[in-house]
Amino acid sequence: MTVRVRFAPSPTGALHPGSARTVLFNFLFAHREGGTFILRIEDTDRARLGEGSLESILEGLRWLGLGWDEGPDVGGPHAPYFQSERLEIYRDHVDRLLEAGSAYPCFCTRERLDALRQEQQKAGRPTRYDRLCAGLPADEVSARVEAGEPHVVRMRVPAGKTTVPDLVRGDLEFDNGSQDDQVILKSDGYPTYHLASTVDDHLMEITHVIRGDEWLASSPKQVMLYAMLGWSPPAFVHLPLVLGPDRAKLSKRHGAAAVLEYRDMGYLPQAMNNFLALLGWSPGTEQEFYDLEGLSRAFDLKRIQTSPAVFDQAKLDSVNGLHIRAMPVAELAAALRPFVPDLPDDLLLKATPLIRERIQRLTEAGPLLGFLAHRPTQLPDDIVPKLKEASREEAAGQAVTALQAVRRLFDSGPLGPSLEEPMRKAAAEIGWKAGDLFMTTRIALTGSRVTPPLLESAALLGQAECLVRLDYAIQEVGRRA
RNA sequence: GGCCCCAUGGUCUAGUGGUUAGGACGUCGCCCUUUCAAGGCGAAGAUCGCCGGUUCGAGCCCGGCUGGGGCUACCA
């Protein structure tokens with residue numbers, strides 16, 4: 001049996017980290033087993049369809065590099081992959097259930113249902129449909145249906161117990177009494193999740209349903225639906241929830257944005273995958289650095305965690321830094337491209353090795369390299385070092401002398417690391433610590449205390465530009481003397 | 001309320017009856033050092049949620065409790 005798995009998002013919003021983790025596990029399992037990864041769009045809730053949602057989900061998946069073998073764009077043997085285009089299929093299966101008595105039309109209004117629910121809640125009883133319509137005479141039912149009375153179709157949950165085969169948690173047994181007579185076909189003719197995904201999973205020959213833990217409690221309904229339709233259920237794997245820092249299910253309100261926002265925050269897709277893979281799964285070794293290939297090779301359903309995991313952005317930062325440092329320079333430069341828009345390509349390529357060890361997110365490149373594109377306008381006070389036994393004015397005077405010495409050095413030959421010794425000598429001559437001279441020069445050239453290594457940075461700036469900036473600094477500092 | 005899931009340092013985790021409970025992130029310190037990083041070394045931090053049971057022996061097995069979470073829609 002070849003493995004077939006699917007990710008089945010509902011286009012009601014963006015792809016969030018929790019869902020991304022679900023996609024990842026499906027993807028990894030499919031690749032590990034040489035199986036097929038299917039993308040199916042569950043757009044059966046017309047009211048909640050989100051503008052642009054589908055596109056952003058697809059873009060998120062593409063960004064992560066989690067491509068699908070069947071689904072939108074690529075098609076496949078079980079097309080269409082949009083549930084909204086499969087309505088007749090669901091209708092047929094609902095008819096089958098109706099004929100078998102496994103389902104029944106329900107004419108109850110929302111008002112009645114709401115009141116019922118409230119009443120049950122107040123009485124401290126489980127909130128379940130009271131089956132008012134479950135025993136309606138057949139002729140009355142058909143008469144009301146033919147008269148066009150609005151109705152839904154509910155599944156008729158039988159007595160007994162239902163076992164959900166979960167590969168990670170083992171067989172889970174549920175009392176059917178805990179399950180509601182779920183609506184499977186809405187009054188607008190669209191199926192609900194449980195019916196649609198059961199039918200599609202069977203028709204699309206899905207072998208493993210790997211999804212979030214939030215589905216666990218309703219899994220028995222689907223297993224019952226399989227039984228009612230005479231099918232055997234797939235294997236289930238319920239992934240532990242991804243939690244926010246407050247230990248509640250990760251959601252927008254944690255600021256945990258769409259996956260694409262992580263892209264904009266300067267995270268690498270490979271780092272995102274690496275980090276997400278380790279949330280709720282572990283290889284059982286001490287290796288923590290993986291690319292997608294490595295993950296596919298190491299992935300094993302049996303090592304999926306049962307307990308929920310908190311999404312720790314500090315850890316993500318760290319993993320991202322690891323991946324940044326592992327990238328070839330040209331590749332990193334390309335990734336950096338959008339984050340430093342006013343830096344020419346050639347400069348960026350040369351600057352990349354200088355910052356690669358200094359950033360965890362691509363966004364940090366901007367502040368670090370800004371000096372290459374912009375002259376410092378304001379020189380912070382600490383361009384003048386704090387010197388023992390010298391007033392601020394005296395120190396500023398010395399700083400002018402120091403900068404003039406640096407200017408002579410820079411004027412006299414090529415810039416670069418070879419200037420280190422001359423710089424040190426110059427510092428010694430005026431009685432400064434080398435570090436102070438480097439810092440003063442650094443600030444003169446960049447306007448900042450935190451930059452890539454000074455002499456390399458100066459080389460990128462070029463001699464002419466360095467001299468302009470030194471002159472400006474000499475003049476500015478002179479004013480403070 | 002009902003049903004269900006879960007429980008190893010702050011966080012992610014290794015561990016499957018006998019370990020000084022290991023690693024990573026984070027934190028702190030030291031080294032390196034022209035800043036910041038990276039890197040190296042080191043430290044603090046866990047009565048393995050609690051109570052009981054099984055066993056010569058329990059983080060690992062069983063039960064209860066507590067705590068946290070999920071679901072409880074004509075949403076997925």
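Every heavy atom of this structure was used, including side-chain atoms; hydrogens, water molecules and symmetry mates were not. Being a predicted model, the structure only gives us computed values, none of them experimental.
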Name the pairing partner of B:U66, where a pair is Watson-Crick or G-U wobble with both distances under 3.5 Å, or state none.
-> B:A7
May I ask you to say what A:F174 touches in the nucleic acid, namely base, sugar-phosphate or nothing, with a heavy-atom cut-off under 4.0 Å?
-> sugar-phosphate
Roughly how far, to the nearest 0.5 Å, is CG of A:L403 from CD of A:E476?
-> 11.5 Å
Looking only at heavy atoms, which two atoms of A:N320 and A:A271 are closest? And how far apart?
-> OD1-CB, 3.1 Å
Any A:K186 side-chain nitrogen or oxygen under 4.0 Å from OP1 or OP2 of B:A76 | yes
Distance under 6.0 Å and angle within 45° of ring axis: A:R154 vs A:Y129 = yes
Quantified in whole Å, what is the C1' atom distance between nucleotide B:A37 and nucleotide B:G45?
-> 26 Å
Send over the distance from A:L239 CG to B:G70 C1', rounded to a whole Å.
-> 14 Å
Report which part of the nucleic acid A:R169 touches: base, sugar-phosphate, or nothing (heavy-atom distance under 4.0 Å, all strands).
-> sugar-phosphate
Looking at A:L268 and A:M327, what are the two nearest heavy atoms and their distance?
-> CD2-SD, 3.7 Å
Can you tell me if the side-chain N/O atoms of A:Q121 get under 4.0 Å from OP1 or OP2 in B:G2?
-> no
What do you reckon, are the aromatic ring centroids of A:F299 and A:W281 less than 6.0 Å apart?
-> yes
With both distances under 3.5 Å as the test, what is the Watson-Crick or G-U wobble partner of B:A21?
-> none
Specify the separation, in whole Å, of atom CD of A:Q287 and atom P of B:A24.
-> 14 Å
With a 4.0 Å cut-off on heavy atoms, is A:P240 in touch with a base, just the backbone sugar-phosphate, or nothing at all?
-> nothing
Applying a 3.5 Å limit to both distances, which nucleotide forms a Watson-Crick or G-U wobble pair with B:A43?
-> B:U27
For A:P453, report the nucleic acid contact type (base, sugar-phosphate, nothing); a contact means any heavy atom under 4.0 Å.
-> base
For A:A314 and for A:I359, find the nucleotide of RNA chain B with the closest heavy atom, then tell me which residue's nucleotide is more 5'.
-> A:A314
Is any side-chain N or O of A:T12 closer than 4.0 Å to OP1 or OP2 of B:A76?
-> no
Would you say a side-chain N or O of A:K249 is under 4.0 Å from OP1 or OP2 of B:G68?
-> no
Taking OP1 and OP2 of B:C12, is either one under 4.0 Å from a side-chain nitrogen or oxygen of A:S318?
-> no
Kindly indicate whether the side chain of A:T451 and the base of B:C36 share any N or O donor-acceptor pair separated by less than 3.5 Å?
-> no
Check every atom of B:A76, B:A14, B:A7 against the side chain of A:D45 and return the nucleotide holding the closest atom.
-> B:A76
Separation of B:C71 C1' from A:Q182 CD (nearest whole Å) = 11 Å
Hey, is the side chain of A:K315 poking within less than 4.0 Å of OP1 or OP2 on B:G10, counting only N and O atoms?
-> no
Looking only at side-chain N and O atoms, does A:R117 come under 4.0 Å of OP1 or OP2 in B:G2?
-> no
Pair A:Y190 + A:Y90: ring centers closer than 6.0 Å = no
More than 12 heavy atoms of other residues, nucleotides or ligands under 6.0 Å from CD of A:E173: is that the case?
-> yes
Would you state whether a donor and an acceptor, one from the side chain of A:Q120 and one from the base of B:G2, lie under 3.5 Å apart?
-> no
For B:A38, give its Watson-Crick or G-U wobble partner with both distances under 3.5 Å, or none.
-> none
Ranking A:A434 and A:A123 by the position along RNA chain B of their nearest nucleotide, the one closer to 5' is A:A123
Starting from P on B:A76, measure out to CD on A:Q83 and report it in whole angstrom.
-> 9 Å
For B:C60, the nucleotide meeting Watson-Crick or G-U wobble distances (both under 3.5 Å) is none
Can you find a side chain N or O atom of A:R247 that sits less than 4.0 Å from OP1 or OP2 on B:U11?
-> yes
Watson-Crick or G-U wobble partner for B:C32, using a 3.5 Å limit on both distances?
-> none
Would you tell me if any nitrogen or oxygen in the side chain of A:R325 comes within less than 4.0 Å of OP1 or OP2 on B:G39?
-> yes
Think A:S448 has a side-chain N or O under 4.0 angstrom from the OP1 or OP2 of B:C36?
-> no
For B:A73, take OP1 and OP2 only and decide whether either is under 4.0 Å from a side-chain N or O of A:T127.
-> yes
Ring centres of A:Y193 and A:W215 under 6.0 Å apart?
-> yes
For B:C71, what is the paired nucleotide under Watson-Crick or G-U wobble rules, both distances under 3.5 Å?
-> B:G2
Sugar-phosphate, base or nothing in reach of A:S218, heavy atoms under 4.0 Å | nothing
Looking at every strand, decide which applies to A:R303 at a 4.0 Å heavy-atom threshold: base, sugar-phosphate, or nothing.
-> sugar-phosphate
